[in-house]
Amino acid sequence: MTFSQKILDWYALNKRSLPWRNTVNPYKIWLSEIMLQQTRVAQGTSYYLSFEKHFPTIFDLANASEEKVLKLWQGLGYYSRARNLHFTAKHIVTNLNGEFPNTYKELVKLKGVGDYTASAIASISFNEQQAVVDGNVYRVLARYYGVDLPINSAEGIKYFKTLATEVMHSSDIRDYNQGIMEFGALQCAPKNPDCTICPLNDSCVALQKNLVGKLPVKLKKIKVKKRNFNYLVVVDGNGNTLLQQRTGKGIWQNLYQFPLLEEEADAKTIYDLYNKVLPTVKAKDIRLFNKDAIVHKLSHQHLFTHFWILKVDEVLEDGIAFSDLEKYPVPVLIADFIKTF
DNA sequence: AATTCGGGGAT
DNA sequence: ATCCCAGAATT
């Protein structure tokens, strides 16, 4: 039996019941694929259901505000996915008459859609012969065929896409693609897979050569930068506070946060500097909310964070009631603070 | 070609 | 701590 047939047979027996598996609607498939980029099924599922409910069609998504889209995306991370999702919905409604592109070639032109996602939508929604290559597929192919090319090198990316295309099933591409990913997620797991019950264990190169723990090969680990965040939590005469939207480059684009001073600082320094971000506000009292820094860990940055409670007498024009903060899309770091404050 | 985008779960 | 997740865009 061929590799692809074994994958298909395994999938038929082991596939999970997931919300986006009840449809081939390209809008729904697109939604699920964007959400699941670099995201586990367990984390993404509730967000998928939420978006499906709030935006049943691409028109609903296109007509929504970015703020609402980001709010529903809050906590899922990689927020450019949400901004691009919204941009592409508007693009399809405005420029493509609301009709979703139906070929790999056209799909890959969409913002936020790369080789993987275009292949997934083309194969699942339109039955086009396109092999998906995600993290699961890299692992399954690297092990089964004993390939030690780094999966994140230009040569590796090209090689694995070619290999995936060569070994894909010639029919049932829809189930085959989902099957090889499911197989990678459940059976050919990153760590300590149970190869004794694997249907491919009679022909897996990595298993025969005892390389299961060594493959796939991935180049270099990332370097983590440390940053010091000092958030100014203003409390004005009405008990309201201030938020600012993050603009420009960097993390959390277009999300909201308290006014931020990014530097090492003690109470005196903060007191001296607060008017840099709040020039119109006179501070009456300032106190440190958390003595030990809250360390918020992102993949490339560790944020050592202090929250400063800044009391002022005046009533701020753009003050926001604390009970209204939940309306704004904020990073998890801010949401966690609001919860405990 | 290398870096940068989040957050969480498993080990 | 480290790894990695149904990757893509930017530098």
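Just so we're on the same page: letters track the sequence lines, and every chain starts at 1. In this text the structure is predicted, and so the values were computed from the model without any measurement.
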Please assess A:Ser203 against A:Tyr144 for the test side chain to side chain donor-acceptor pair (under 3.5 Å), listing each intermediate value before the final yes or no. CA-CA 7 Å; A:Ser203 44; A:Tyr144 185 75; 2.8 Å; yes
How is A:Gly44 classified with respect to the nucleic acid when contacts are heavy atoms under 4.0 Å: base, sugar-phosphate, or nothing? nothing
For A:Leu76, which contact category applies under a 4.0 Å heavy-atom criterion: base, sugar-phosphate, or nothing? base
Reference residue A:Trp20; test ring-ring contact (aromatic ring centres under 6.0 Å, His included); the match among A:Tyr48, A:Tyr47, A:Tyr27: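 In the set A:Tyr48, A:Tyr47, A:Tyr27, the residue that makes a ring-ring contact (aromatic ring centres under 6.0 Å, His included) with A:Trp20 is A:Tyr48.
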Measuring to OP1 and OP2 of [N], would you say a side-chain N or O of [X] lies under 4.0 angstrom away?
X: A:Trp73; N: B:dC5; value: no
X: A:Gln301; N: B:dC5; value: yes
X: A:His300; N: B:dT3; value: no
X: A:Lys225; N: B:dT4; value: yes

Kindly indicate, with the supporting measurements, whether the criterion side chain to side chain donor-acceptor pair (under 3.5 Å) is fulfilled by A:Asn14 and A:Gln187. CA-CA 10 Å; A:Asn14 297 284; A:Gln187 171 61 46; over 6 Å; no
With nearest nucleotide decided by heavy atoms, which residue, A:Ser153 or A:Val332, maps closer to the 5′ end of DNA chain B?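 Per heavy-atom nearest nucleotide, the more 5' residue is A:Ser153.
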Taking the nucleotide of DNA chain B with the closest heavy atom to each, which residue, A:Lys220 or A:Trp252, is nearer the 5' end?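 First, find each residue's nearest nucleotide; the 5'-ward one identifies A:Lys220.
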Judged by atom type as modelled, is there a donor-acceptor pair below 3.5 Å linking the side chain of [X] to the main-chain atoms of [Y]?
X: A:Asn201; Y: A:Cys195; answer: yes
X: A:His86; Y: A:Ala64; answer: yes
X: A:Asn152; Y: A:Lys220; answer: no

Between residues 160-167 of chain A and DNA chain B, which residues have a heavy-atom gap below 4.0 Å? none
Sorted by number, the residues of residues 120-128 of chain A with heavy-atom contact under 4.0 Å to DNA chain B: none
Which of these passes side chain to side chain donor-acceptor pair (under 3.5 Å) with A:Asn254: A:Glu66, A:Arg246, A:Arg83? A:Glu66
Partner of A:Gln301 by side chain to side chain donor-acceptor pair (under 3.5 Å), out of A:Lys225, A:Arg227, A:His296, A:Lys226: A:Arg227
Below 3.5 Å, can you tabulate the donor-acceptor pairs from side chains in residues 320-332 of chain A to any protein atom, sequence neighbours excluded?
residue  : atom : partner  : partner atom : Å
A:Asp324 : OD1  : A:Lys327 : NZ           : 3.2

Starting from [atom2] on [N], measure out to [atom1] on [X] and report it in whole angstrom.
X: A:Asp194; N: B:dA10; atom1: CG; atom2: P; value: 18 Å
X: A:Gln253; N: B:dC5; atom1: CD; atom2: P; value: 9 Å
X: A:Lys218; N: C:dT2; atom1: NZ; atom2: C1'; value: 12 Å
X: A:Arg246; N: B:dT4; atom1: CZ; atom2: P; value: 15 Å
X: A:Ile151; N: C:dC3; atom1: CD1; atom2: C1'; value: 11 Å
X: A:Arg143; N: C:dC4; atom1: CZ; atom2: C1'; value: 12 Å
X: A:Tyr47; N: B:dG7; atom1: OH; atom2: P; value: 9 Å
X: A:Leu303; N: B:dG6; atom1: CG; atom2: P; value: 10 Å

Any chance you could list the contact pattern along nucleotides 6-11 of chain C? Use B for base contacts, S for sugar-phosphate-only contacts and - for none, protein heavy atoms under 4.0 Å, 5' to 3'. BBSS-S
Under the side chain to side chain donor-acceptor pair (under 3.5 Å) test, which residues partner A:Asn95, sequence neighbours left out?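 Applying side chain to side chain donor-acceptor pair (under 3.5 Å) to A:Asn95 gives A:His91.
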Can you tell me, in whole Å, how much space there is between the P of B:dG9 and that of C:dA8?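 One P to the other, the span is 24 Å.
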Distance check, P atoms only: B:dT4 and C:dA6, in whole angstrom units.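 Pairwise P distance, B:dT4 against C:dA6, rounds to 24 Å.
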With a 3.5 Å cut-off and sequence neighbours excluded, list the donor-acceptor pairs that the side chains of residues 204-216 of chain A form with protein atoms.
residue  : atom : partner  : partner atom : Å
A:Gln208 : NE2  : A:Asp202 : O            : 3.4

Once you measure the plane-to-plane angle for A:Tyr231 and A:Phe307, does it fall in the parallel (<30°), tilted (30-60°) or perpendicular (>60°) bin? parallel
Kindly state whether the ring of A:Tyr138 and the ring of A:Phe160 have centres lying under 6.0 angstrom apart. yes
